[in-house]
**Q** 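Have a look at this one before I ask anything.
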Amino acid sequence: MTELTCWPLDNKPYTSVALGAAYAARSRGVLNADSFTATTNGDNTITVGKGVGCIHVTEQWAAFPLNEGDVLLTFADADGVYPRWDVIALVYDKNANTAGLEVRTGLAAETPALPALRRNDDYDEIFLYRVTRPVGATKITADNVVDLRLDGAVCGLMRDTIDAIDTKVMQEQFAAFLTQIETELKQLHAGTATMLRTVYDPQGKNTDIFAYTDGKSAAILKKVEPLTSANAGAHNAVYRGKYLGESATEAQYAAISAGTFDDLYIGDYWTIGGVNYRIAAFDYYINSGDTACTAHHVVLVPDTCLYNAAMNNTTTTNGGYVGSAMYKIRLKQAKTTIKNAFSGHVLKHRIFLTNAVANGRASAGAWCDSEVDLMCEQMVYGSGILSPVSDGSDIPFNYRVEKSQLPLFQHEPSRICNINDWWLRDVITASRFAGVNSYGTADESDAFNYRGVRPAFCIS
């Protein structure tokens, strides 16, 4: 006779293999419904309680991981784009010869799925819970946790495989029932013909909520209507800062052209070619110019400087802004970039610009066509800061149509400083033009210095 391992026999030494073989008919699963209970903690963790489970080292060797106290499991942060299904698994690592509780992180996807169940040469495991991670979620709630312990496909109750009931059928029936209940609850909350009294009258006041809410809604609408009116004044008064997409749409251009500015507010921005072009004002130039501007428009300002350049090759302001190398040559790159980003919609309008300097002050100017130009102190700060003013006998030629601060900088002054030095077009002295300092101060600099080019322009 060829002797085999046989357990238990008297006076025979045994290994764990023999003991495991004695329970080889025991199926993978948990001991009972009280094993490994899960509790959410209001953050990205779940506490798993006491329990006993059964996993298989091989198909002829069962083992029984035991949890004798609470275990805190921490989950990875939720994805910012797609939802994800994670699982709490009872895992046996065959290479390390250890068993324990583990968070298996799923793949974020538009339609999430469970991680693949590992039962191979390296691992054996059962899934205890599915944990849904909604997009951007910062905590796990009880509604995110689905119990898989009775699902025979991934867990189930441990049992002898002979003459036993397969809990998979019961789990499937329960899952179908749970899905039906979830669907009905969603329909109730979405506003079907049925509404729970706990929803429409939670305090038991027997109030006609429809008349009550109609009255409240009318009062609120009356208050906010001036802020949502379809005109430039209303939209100049509201800062929102919403991302509008990678290009302006035909519907948005139509709203601008009509002067209704539907769903466009100060601070909203398009990101094109890596640059945020932010709405700074609505109809800022209307009725201005030697030829009046009559086209409804939006003033845009990039968040960042498009590049660096000097106002002139030497330290002089001779010729004013119009006579500078910046105006004549160095704005061309900005104009090309901006016209490509808003093709066919950059507005040409008339503004008054300095073209001569005497004694360090603007001494003459002229009406000029403008499409893309540097801003002036009034647009950024709301008034001249360093620009020369009348001394009682000599009046600098600081005439301009930009007489007020752009609403963008009025509502959100932090948008003025972008941590870079950048040019303004005002003549300050015989050698210096105005600017904004990287520290956030009103500033000026020698004309031959390289500083940021951050122009303003209009689209219509």
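Computed from heavy atoms alone, side chains included, the values below leave out hydrogens, waters and symmetry copies.
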**Q** Holding to ring pair (Phe, Tyr, Trp, His ring centres under 6.0 Å), I want the full list of residues that pass it with Phe177, two or more places apart in sequence or in another chain.
**A** none
**Q** Regarding Glu377 and Arg425, does a basic nitrogen lie under 4.0 Å from an acidic carboxylate oxygen?
**A**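 No, this pair does not count.
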**Q** State whether Asp290 and Arg350 are salt-bridged, where the test is any N-O pair (Lys NZ or Arg NE/NH1/NH2 against Asp/Glu carboxylate O) under 4.0 Å.
**A** yes
**Q** Which of these passes side chain to side chain donor-acceptor pair (under 3.5 Å) with Arg278: Asp303, Thr271, Asp268?
**A**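 The single option meeting the side chain to side chain donor-acceptor pair (under 3.5 Å) with Arg278 is Asp303.
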**Q** Got more than 12 heavy atoms from elsewhere within 6.0 Å of NZ, Lys348?
**A**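 No, not enclosed.
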**Q** Can you tell whether the side chains of Lys339 and Glu371 come within less than 4.0 Å, N to carboxylate O?
**A** yes
**Q** Compute the ring centroids of Tyr277 and Tyr269, then answer whether they are less than 6.0 Å apart.
**A**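 Centroid separation for Tyr277 and Tyr269: 6.0 Å or greater.
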**Q** Could you please spell out the steps behind the side chain to side chain contact (heavy atoms under 4.5 Å, CB included) verdict for Met326 and Leu374?
**A** CA-CA 9 Å; Met326 177 69 74; Leu374 298 186; 3.9 Å; yes
**Q** State the CG-CD1 distance between Asp373 and Ile351, to the nearest 0.5 angstrom.
**A**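 If we round to the nearest 0.5 Å, Asp373:CG and Ile351:CD1 are 4.5 Å apart.
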**Q** For Asp283 and Ile286, indicate whether the former's side chain and the latter's backbone hold a donor-acceptor pair under 3.5 Å.
**A** no
**Q** Does Arg451 come within less than 4.0 Å of Asp446, counting only side-chain N to carboxylate O?
**A**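 The answer is no: the pair does not qualify as a salt bridge.
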**Q** On the six-membered ring of Trp85, is Arg130 placed so that its NZ or CZ lies under 6.0 angstrom from the centre and within 45° of the ring axis?
**A**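 Geometry flag: set, cation within 6.0 Å and 45°.
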**Q** Can we call the ring centroids of Phe397 and Tyr399 under 6.0 Å apart?
**A**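 Yes.
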**Q** I need the Asp86 CG to Thr105 OG1 distance, nearest 0.5 Å.
**A**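 Interatomic distance, Asp86 CG to Thr105 OG1, rounded to 0.5 Å: 4.5 Å.
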**Q** Would you please name every residue forming a side chain to side chain contact (heavy atoms under 4.5 Å, CB included) with Ala176, sequence neighbours left out?
**A** none
**Q** Testing Leu148, Asp151, Leu101 one by one against Leu128 for a side chain to side chain contact (heavy atoms under 4.5 Å, CB included), which residue passes?
**A**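 Among Leu148, Asp151, Leu101, the one meeting side chain to side chain contact (heavy atoms under 4.5 Å, CB included) with Leu128 is Leu101.
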**Q** Please work out whether the ring planes of His349 and Tyr285 are parallel, tilted or perpendicular, with thresholds of 30° and 60°.
**A** tilted
**Q** Looking at Arg149 and Asp34, is any side-chain nitrogen of the basic one under 4.0 Å from a carboxylate oxygen of the acidic one?
**A** no
**Q** For Asp121, I'd like to know if atom CG has over 12 heavy atoms of other residues, nucleotides or ligands within 6.0 Å.
**A** no
**Q** Under 3.5 Å, sequence neighbours excluded: what are the donor-acceptor pairs made by side chains of residues 452-460?
**A**
{"from": "Arg454", "atom 1": "NE", "to": "Pro302", "atom 2": "O", "distance (Å)": "2.7"}
{"from": "Arg454", "atom 1": "NH1", "to": "Arg415", "atom 2": "O", "distance (Å)": "3.2"}
{"from": "Arg454", "atom 1": "NH1", "to": "Ile416", "atom 2": "O", "distance (Å)": "3.0"}
{"from": "Arg454", "atom 1": "NH2", "to": "Pro302", "atom 2": "O", "distance (Å)": "3.3"}
{"from": "Arg454", "atom 1": "NH2", "to": "Arg415", "atom 2": "O", "distance (Å)": "3.0"}
{"from": "Ser460", "atom 1": "OG", "to": "His296", "atom 2": "O", "distance (Å)": "2.7"}

